[in-house]
Number of protein chains: 2
Amino acid sequence: MKLASSRDRAPGRPVSRQVLADHVYEELLAWLMDGRLEPGAAVSIDGTARELDVSPTPVREALARLEHTGMVRRVALKGYRVAPVFTREDFAELMEARLAIEPVNARLACSRITPEDLAALREAVKDLETAPRGPSFVEFRDYLEADERFHKLIAEQSGNQFMLAAYSALGGQVQRFRLFGGVGITDADQAIAEHQAVLDALASGDPEQAAAAMADHVHKVRARAIADAPAD
Amino acid sequence: MKLASSRDRAPGRPVSRQVLADHVYEELLAWLMDGRLEPGAAVSIDGTARELDVSPTPVREALARLEHTGMVRRVALKGYRVAPVFTREDFAELMEARLAIEPVNARLACSRITPEDLAALREAVKDLETAPRGPSFVEFRDYLEADERFHKLIAEQSGNQFMLAAYSALGGQVQRFRLFGGVGITDADQAIAEHQAVLDALASGDPEQAAAAMADHVHKVRARAIADAPAD
DNA sequence: AAGGGACCATTCCTATAGGATTTGTCTATG
DNA sequence: CATAGACAAATCCTATAGGAATGGTCCCTT
């Protein structure tokens with residue numbers, strides 16, 4: 001694979017304003033998000049550099065940023081690895097954290113949400129409905145993307161940069177769990193109904209109702225996952 | 001300044017297991033925490049490398065990690081800058097986020113806290129009492145360090161890696177605000193009493209009481225800051 | 001056959017070099 | 001005097017080279 005370098009850019013065009021490390025970061029993030037990089041797999045610096053046809057320097061920078069998201073972990077002198085699979089306890093912790101953060105986001109977003117924001121949320125829910133739910137990940141990739149988009153939009157619309165930062169610290173892990181938590185997409189209809197309920201509460205303008213709807217959604221996600229999860 | 005390189009290490013001694021980028025990260029973090037780097041100041045990659053007597057490569061890696069904490073911000077092709085000073089709105093947002101996260105940490109920590117943890121918390125409160133509170137930052141630096149230590153200990157003892165991650169996403173900012181929020185250390189006695197109340201609640205073993213004590217503390221910090229803050 | 005040590009390939013880590021971009025200054029011109 | 005353009009210095013960004021550590025393999029010894 002060949003990434004566009006800042007050198008071989010048409011001279012007249014507006015400057016890209018994005019350096020190679022940014023491209024590498026986004027590329028690696030995509031690999032992590034859509035499951036191309038499985039938990040526990042080694043992410044070689046030199047290897048990734050060869051794969052992306054860049055030097056190791058920007059790869060190091062991208063991985064250093066990714067480490068802080070918890071998606072990859074570094075061991076000094078040994079390199080980076082994709083974070084290991086979720087245990088049942090990890091999942092419980094993640095849901096607890098989501099319960100602490102996401103209802104607050106919904107409550108904050110409720111009082112400052114704009115019609116454009118509501119439209120974007122409606123589109124996310126609609127994408128959830130229309131997305132395929134096949135067994136292989138390429139088939140429900142769009143479903144996961146819409147789910148993540150819905151929750152992230154609410155975090156952004158909280159208007160609180162720190163709540164967004166807190167959610168982002170979880171967001172990647174949430175997405176990773178959706179992929180490898182063993183749940184699959186067996187609960188799409190119920191999940192869509194819950195998303196719709198959150199959306200309706202936000203549209204109604206009642207902050208506490210929005211928070212309650214979000215808390216209810218996370219609670220039910222947890223309950224379904226516990227019911228579905230394979231014994232370990 | 002000269003950092004110890006992995007090359008000039010005594011051959012017989014146990015391996016350091018820490019690379020230069022880690023040293024640089026910790027050094028820069030210390031500079032940010034104790035105010036040596038003021039908000040808005042440029043953090044030159046090459047300059048920092050010369051200052052620390054290392055090559056720019058590990059400095060780039062350290063700054064890439066720091067960027068994700070919100071302490072520094074990067075503009076492509078222009079470099080890194082220390083995040084700008086807090087506005088009154090930033091402060092309100094930060095307190096809102098702390099209210100969402102820290103009481104939950106206290107509640108979770110309460111039911112799994114060990115005698116050793118309690119001892120460490122008592123020591124932090126004791127350090128708060130004995131630390132000098134002079135006007136210049138070198139004089140109340142230890143006070144701030146003990147404050148941060150207290151809150152971080154509770155986040156760690158929540159036993160929830162994601163709540164800790166969420167707090168850490170805030171932690172640096174909390175520390176930065178303490179330095180540049182204009183509050184100074186005018187409320188040490190009251191703050192110490194509140195910390196003691198949190199500690200007592202944790203020791204009592206009542207989770208809801210611990211959460212309430214922490215929420216009360218954050219509320220009062222906010223109230224005092226708003227009362228003291230200079231008009232902007 | 002099992003365990004230990006030497007060797008080699010791979011990978012990480014740091015330094016260095018040079019191209020590309022930005023920024024500050026200085027001069028010339030309207 | 002203000003403004004535009006050119007030059008120079010500083011800085012960022014990427015690639016490359018080589019030292020250092022790790023992991024695996026092979027061979028030897030017990």
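Chain A is the first sequence line, chain B the second, and so forth, proteins listed ahead of strands; every chain is numbered from 1.
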Any R60(B) side-chain N or O less than 4.0 Å from OP1/OP2 of dC12(D): no

Answer yes or no: does a side-chain N or O of S55(A) lie under 4.0 Å from OP1 or OP2 of dT14(D)? no

For L77(A) and dG19(D), what is the distance between atoms CG and P respectively, to the nearest whole Å? 17 Å

Among D147(A), L94(A), V221(A), L144(A), the one residue meeting side chain to side chain contact (heavy atoms under 4.5 Å, CB included) with V174(A): L94(A)

Would you find more than 12 non-hydrogen atoms of other residues, nucleotides or ligands less than 6.0 Å from E38(A) atom CD? no

Starting at CD of Q18(B) and ending at P of dC12(C), how long is that distance when rounded to a whole Å? 19 Å

At less than 4.0 Å, is any side-chain N or O atom of S44(A) found next to OP1 or OP2 of dC12(C)? Yes or no. yes

Roughly, in whole Å, what's the span from CD in E51(A) to P in dT11(C)? 12 Å

Whole angstrom value for the distance that separates P of dC13(C) from CD of E61(A): 15 Å

Of T57(B) and D46(B), the one whose closest nucleotide on DNA chain D sits nearer the 5' end is D46(B)

Take atom CZ of R81(B) and atom C1' of dT23(C), then tell me their distance rounded to the nearest Å. 11 Å

By nearest nucleotide on DNA chain C, pick out whichever of P58(B) and G79(A) is the more 5' one. G79(A)

How long is the straight-line distance from CE of M71(A) back to CG of L66(A), given to the nearest 0.5 Å? 7.0 Å

Calculate, to the nearest 0.5 Å, the distance between atoms CD and CG belonging to Q161(A) and D90(B) respectively. 4.5 Å

Could you tell me the separation between the CZ atom of R74(A) and the C1' atom of dT11(C), rounded to a whole number of Å? 14 Å

Separation of atom NZ in K78(B) from atom P in dC13(D), rounded to whole Å: 12 Å

Send over the distance from I45(B) CD1 to dC13(D) C1', rounded to a whole Å. 8 Å

